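Report on the structure given below.
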Amino acid sequence: MPELPEVQTAIDDLTEAGLPGSRIQSADVRRPATVRPLSPEAFAGQVRGLRFGPIRRHGKFIIFTMSHDFTILAHLRMTGQFELSPLSEGTDPHDRLVFFLEDDRLLRFHDTRTFGRLICTRNPGEVLDRLGPDALDPDLTASFFIRKMRSRHRQIKALLLDQGFIAGLGNIYCDEGLFAARINPLRRSDTLDEDEGVRLFEALRTALRTGLANRGTSLGNGETNYISGGRRGENLRALQIYGRDGENCNRCGGRIEKIYIAQRGTHYCPRCQPLQRK
DNA sequence: AATACAGCCTGGACGC
DNA sequence: TGCGTCCAGGCTGTAT
């Protein structure tokens with residue numbers, strides 16, 4: 001599932017493949033829900049003739065800077081993928097939206113589970129202003145993170161998943177960061193001390209940077225698996241805790257447990273991440 | 001304010 | 001092999 005590292009990998013791949021500079025000849029919206037609340041016709045009409053500029057990111061949103069002051073925001077949600085391919089390659093039944101580019105290429109939005117969304121707007125702030133700072137924003141500091149965290153009274157895992165708090169973290173990198181910082185995911189955010197706050201902040205950023213260096217995490221082999229630029233992410237082997245319930249902890253040898261927090265599977269080591277501080 | 005939960009989806013894993 | 005059931009989860013909307 002795409003989180004910050006996977007989204008950034010997708011952006012890097014599209015940029016490297018030379019999407020910026022290409023112009024949209026037409027768009028074929030094959031699943032109306034993908035562009036809601038616009039109708040497929042309205043969306044296609046808005047994007048026709050627009051040229052792609054630089055591609056940026058905030059949290060898990062891909063921000064396509066377009067000509068004529070337009071922005072296309074894309075959210076991959078669970079299974080969304082962009083693929084840039086020659087016109088001759090054709091399309092796939094799971095392509096929910098296909099951009100026909102003037103250079104005889106296709107930009108295909110492939111999304112098996114259909115949760116992904118594209119928004120074409122002149123006012124991207126309407127969507128992006130609801131997000132907290134990006135988790136890898138160079139201006140984001142540990143002290144800001146800790147202050148904000150302590151001002152809330154929530155289970156720390158639930159708070160980290162809240163995109164209005166910090167944008168970009170999802171289930172995998174949250175669990176990895178909490179494990180590396182040795183913090184129990186059920187801890188209330190206002191009970192973490194300064195040292196724990198710094199540890200968590202650094203651990204989360206390290207988990208994200210490692211994921212990015214490995215081109216993201218691909219979990220399985222199937223249709224719903226994360227792929228970018230035709231390649232799997234290699235971060236699975238770096239995971240210490242996510243998906244390893246029932247296995248032995250690499251740090252202490254204890255059994256890794258799985259619980260549910262905020263309706264998400266949460267993996268942790270009870271010995272390394274005790275709820276009560278020693 | 002925080003929490004819970006349904007809903008959106010469908011491939012894949014699993015049990016029988 | 002095939003069928004049924006459950007699970008995965010980012011995010012929104014609604015209820016408590």
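Lettering follows sequence order; numbering is per chain, from 1. These figures come from a predicted structure and were not determined experimentally. Note: hydrogens, waters and symmetry copies are ignored here, and every other heavy atom, side chains too, is used.
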Original post:
Hey, where on DNA chain B does chain A first and last touch, going 5' to 3'? Cut-off is any atom under 4.0 Å from a heavy atom.
Top reply: B/dA2 to B/dG12
Subject >> Distance-only donor-acceptor check, side chains A/Asp190 and A/His153, under 3.5 Å >> reply: yes
Original post:
Are A/Leu38 and A/Leu97 grouped together when hydrophobic residues (ILVMFWY) are joined by side-chain heavy atoms under 4.5 angstrom apart?
Top reply: yes
Original post:
Are there more than 12 heavy atoms of other residues, nucleotides or ligands under 6.0 Å from atom CD of A/Glu126?
Top reply: no
**OP:** For A/Arg77, report the nucleic acid contact type (base, sugar-phosphate, nothing); a contact means any heavy atom under 4.0 Å.
**Re:** base
**OP:** Pick base, sugar-phosphate or nothing for A/Arg117, based on heavy-atom distances below 4.0 Å to the nucleic acid.
**Re:** nothing
**OP:** Decide if the gap between the ring center of A/Phe64 and the ring center of A/Phe52 is smaller than 6.0 angstrom.
**Re:** yes
Subject >> Over all atoms of both residues, closest heavy-atom pair of A/Asp12 and A/Leu212 >> reply: OD2-CD1, 4.5 Å
Original post:
Considering heavy-atom distances to DNA chain C, does A/Tyr260 or A/Gln163 have its closest nucleotide positioned more toward the 5' end?
Top reply: A/Tyr260
**OP:** Describe the nucleic acid contact of A/Arg96 in one word from base, sugar-phosphate, nothing, applying a heavy-atom distance below 4.0 Å.
**Re:** nothing
Subject >> A/Phe70 six-ring face occupied by A/Arg122 cation (under 6.0 Å, within 45°) >> reply: yes
Original post:
Counting only heavy atoms not in A/Arg244, do more than 12 sit closer than 6.0 Å to its CZ atom?
Top reply: yes
Original post:
Going through the checks in order, is the side chain to side chain donor-acceptor pair (under 3.5 Å) test met by A/Arg231 and A/Ser218?
Top reply: CA-CA 9 Å; A/Arg231 289 199 280 155; A/Ser218 297; over 6 Å; no
Subject >> Exercise: do A/Thr91 and A/Arg30 side chains pair donor with acceptor under 3.5 Å >> reply: yes
Subject >> Outermost DNA chain C nucleotides near chain A [under 4.0 Å, heavy atoms] >> reply: C/dA8 to C/dC11
Original post:
Considering the terminal five base pairs at each end of the helix from B/dA2-C/dT16 to B/dC16-C/dG2, what angle separates the two local helix axes, rounded to 10°?
Top reply: 50°
Original post:
Using a cut-off of 4.0 Å on non-hydrogen atoms, how would the nucleic acid contact of A/Lys258 be classed: base, sugar-phosphate, or nothing?
Top reply: sugar-phosphate
Original post:
With distance as the sole criterion, is a donor-acceptor pair present between the side chains of A/Thr217 and A/Tyr242 under 3.5 Å?
Top reply: no
